[in-house]
Amino acid sequence: MDWDLIAESFWPIVLGGLRGTLPLAGTSFVIGLAIALGIALMRISGNRLLSGIGRAYISVVRGTPLLVQLFVVFYGLPSIGVVVDPWPSAVVAFSLNVGGYAAEVIRAAILSVPKGQWEAGWTVGMSRSRTLRRIILPQAARVSVPPLSNTFISLVKDTSLASLILVTELFREAQKIAAFSSEFMLLYLEAALVYWLFCTVLATGQDVLEKRLDRYVAH
Amino acid sequence: MSHTDPPVDSPVETPVDDAAPLLVARGLHKAFGDNQVLRGIDLEVYRGQVVALIGPSGSGKTTLLRSLDALEIPDSGTLAFDGGPAIDFALPVRQSTRAALRDRSAMVFQHHNLFPHRTVLENVIEGPVQVRRVPRAQAVARAEELLARVGLAEKRDAYPHELSGGQQQRVGIVRALALSPDLLLFDEPTSALDPELVGEVLSVMKELADEGWTMVVVTHELAFARAVADEVLFLDGGVVVERGAPAQLFTEPAEERTQRFLHRILHPLD
Ligand SMILES: Nc1ncnc2c1ncn2[C@@H]1O[C@H](COP(=O)(O)OP(=O)(O)OP(=O)(O)O)[C@@H](O)[C@H]1O
Ligand SMILES: [Mg+2]
């Protein structure tokens with residue numbers, strides 16, 4: 001075992017995670033959630049056109065590989081004159097992807113809030129949108145934390161695909177050192193270990209968040 | 001809450017035109033698909049009056065009550081407040097009309113429907129602060145006063161799931177009162193409660209009636225209806241079969257259907 005190589009490469013790989021993987025996943029997740037909320041609201045709007053657009057969007061995102069979506073944005077768009085740098089390309093592709101997956105989670109969470117909560121909001125005089133914002137979404141958020149946390153953790157791992165469009169992130173750092181040293185097994189296992197560490201920390205954070213949100217729920 | 005306390009901002013304080021009823025409903029019809037649930041209901045409610053709606057399951061009591069708060073929109077019929085212009089349900093009902101109806105009335109639900117992510121106090125001030133734009137400090141002061149009156153002052157910072165069923169329902173009543181509505185609507189407010197908790201809720205409702213609040217109450221508690229209501233409506237099959245003062249309707253009902261219904265409730269084993 002080449003302990004020196006491990007010691008030398010560990011920090012650059014972690015740094016690739018902290019400076020590349022996590023910001024990429026975090027930014028895409030936040031934008032993706034905003035898209036997802038919009039799509040979910042279109043789906044439950046009762047308006048056939050909006051609902052149809054939402055359904056089509058979800059179908060396309062879920063029915064095509066993430067890698068293909070990434071390549072369409074980075075390699076495909078330049079051929080119609082739209083050149084986007086690697087980082088923003090990755091953010092666009094991952095955001096759109098999260099938007100498709102999280103939309104169904106958010107929609108299900110909104111529908112899981114009992115109808116009586118809407119009616120209670122209305123009887124105290126609130127409009128639909130205010131009831132949604134103040135009464136329904138906070139309760140839906142509680143329900144959707146576990147599945148959305150899983151979406152985020154998956155996203156952190158999926159961002160390794162961005163190495164294929166030359167984004168500097170965790171896996172690309174490992175690849176570079178592997179190519180340079182020819183220690184492929186060692187470096188890729190090391191990358192796996194760092195991903196695992198990141199995901200374990202995130203899963204712990206998920207637990208803490210769920211416990212906090214549990215305060216007002218009866219058991 | 002004692003009966004001699006002055007009413008807290010209760011509707012009887014406002015000068016009113018005694019001639020016109022607070023609420024007049026005419027010919028309300030409502031169907032769910034093929035199911036004709038309301039088949040022409042007429043209803044008047046005067047200020048300070050307590051109207052009880054009784055009748056068998058599925059007779060349309062809840063649907064009628066919910067129509068008064070725009071939680072259901074009837075297919076046809078009219079509704080007018082204080083002798084004002086009538087809302088005609090045969091025409092499309094605007095959002096502003098729903099808002100106006102909800103401004104008038106407040107509903108106390110069978111299953112309280114408190115906001116589980118909000119404390120008791122936050123539940124009560126939500127409407128006043130968010131909708132009526134009452135300054136927060138003022139809304140809190142009033143909420144604390146109302147909570148004290150139903151014996152829940154020390155529960156202001158509790159979450160709904162930390163309360164008993166009777167306490168939850170009393171908070172539900174306070175949440176409605178805090179809106180200072182012209183009309184309080186109750187849909188079987190005690191039927192989801194354990195029997196020993198029913199009394200605490202009914203006694204709060206009786207005190208509200210004594211204070212002069214205008215109330216429409218769907219109930220199976222005939223003793224309560226008899227003691228508190230000014231008028232009782234017996235619904236069956238989507239129509240008002242019989243209406244009258246409780247003393248008359250409960251002791252000598254004119255209609256055979258009313259007699260049978262009362263008999264079934266009073267002597268369930270016969
Ligand atoms: N949203 C709805 N969709 C379809 N049918 C409904 C709906 N609400 C009520 N109904 C039907 O309308 C009829 C009357 O219901 P309603 O709840 O008004 O009766 P009720 O007199 O309150 O009965 P209960 O004493 O059981 O509460 C019932 O047959 C019920 O199944
Ligand atoms: Mg009912």
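First the proteins, then the strands, lettered A, B, ... as listed; each starts at 1.
- Proximity to chain A is limited to the backbone of B/S105, based on heavy atoms less than 4.5 angstrom apart.
- In this structure, the separation between CD on B/E126 and CZ on A/R134 is 4.0 Å, given to the nearest 0.5 Å.
- Proximity to chain A is absent for every atom of B/L185, based on heavy atoms less than 4.5 angstrom apart.
- Atom-to-atom distance recorded for A/R128:CZ and B/R98:CZ is 8.0 Å, nearest 0.5 angstrom.
- Atom CZ of A/R19 has 12 or fewer heavy atoms from other residues, nucleotides or ligands within 6.0 Å.
- Atom CG in B/N123 sits 7.5 Å away from atom CD1 in A/I135 (nearest 0.5 Å).
- Of all the listed residues (B/L101, B/L71, B/T119), the one sharing the greatest number of non-hydrogen pairs under 4.5 Å with chain A is B/L71.
- Residue A/K115 holds its NZ atom at 10.5 Å from CG of B/N113, rounded to the nearest 0.5 Å.
- Nearest heavy atoms, B/L179 versus A/T123: CD1-O, 3.7 Å.
- Considering all non-hydrogen atoms of both residues, B/F115 and A/A120 come closest at CE2-CB, 3.6 Å.
- For the atom pair A/E119 CD and B/R102 CZ, the distance stands at 8.5 Å (nearest 0.5 Å).
- Using a 4.5 Å cut-off on side-chain heavy atoms (C-beta onward), A/W122 and B/D69 make no contact.
- Here B/R118 contributes atom CZ and A/Q139 contributes atom CD; the two are 9.0 Å apart, rounded to the nearest 0.5 Å.
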Audit row: B/Q130, A/R130, side-chain contact (heavy atoms from CB on, under 4.5 Å) steps and yes/no
CA-CA 9 Å; B/Q130 290 296 318; A/R130 193 183 292 270; 2.8 Å; yes
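- Residues A/Q117 and B/P116 form a side-chain contact, since some pair of their non-hydrogen atoms from C-beta on lies under 4.5 Å apart.
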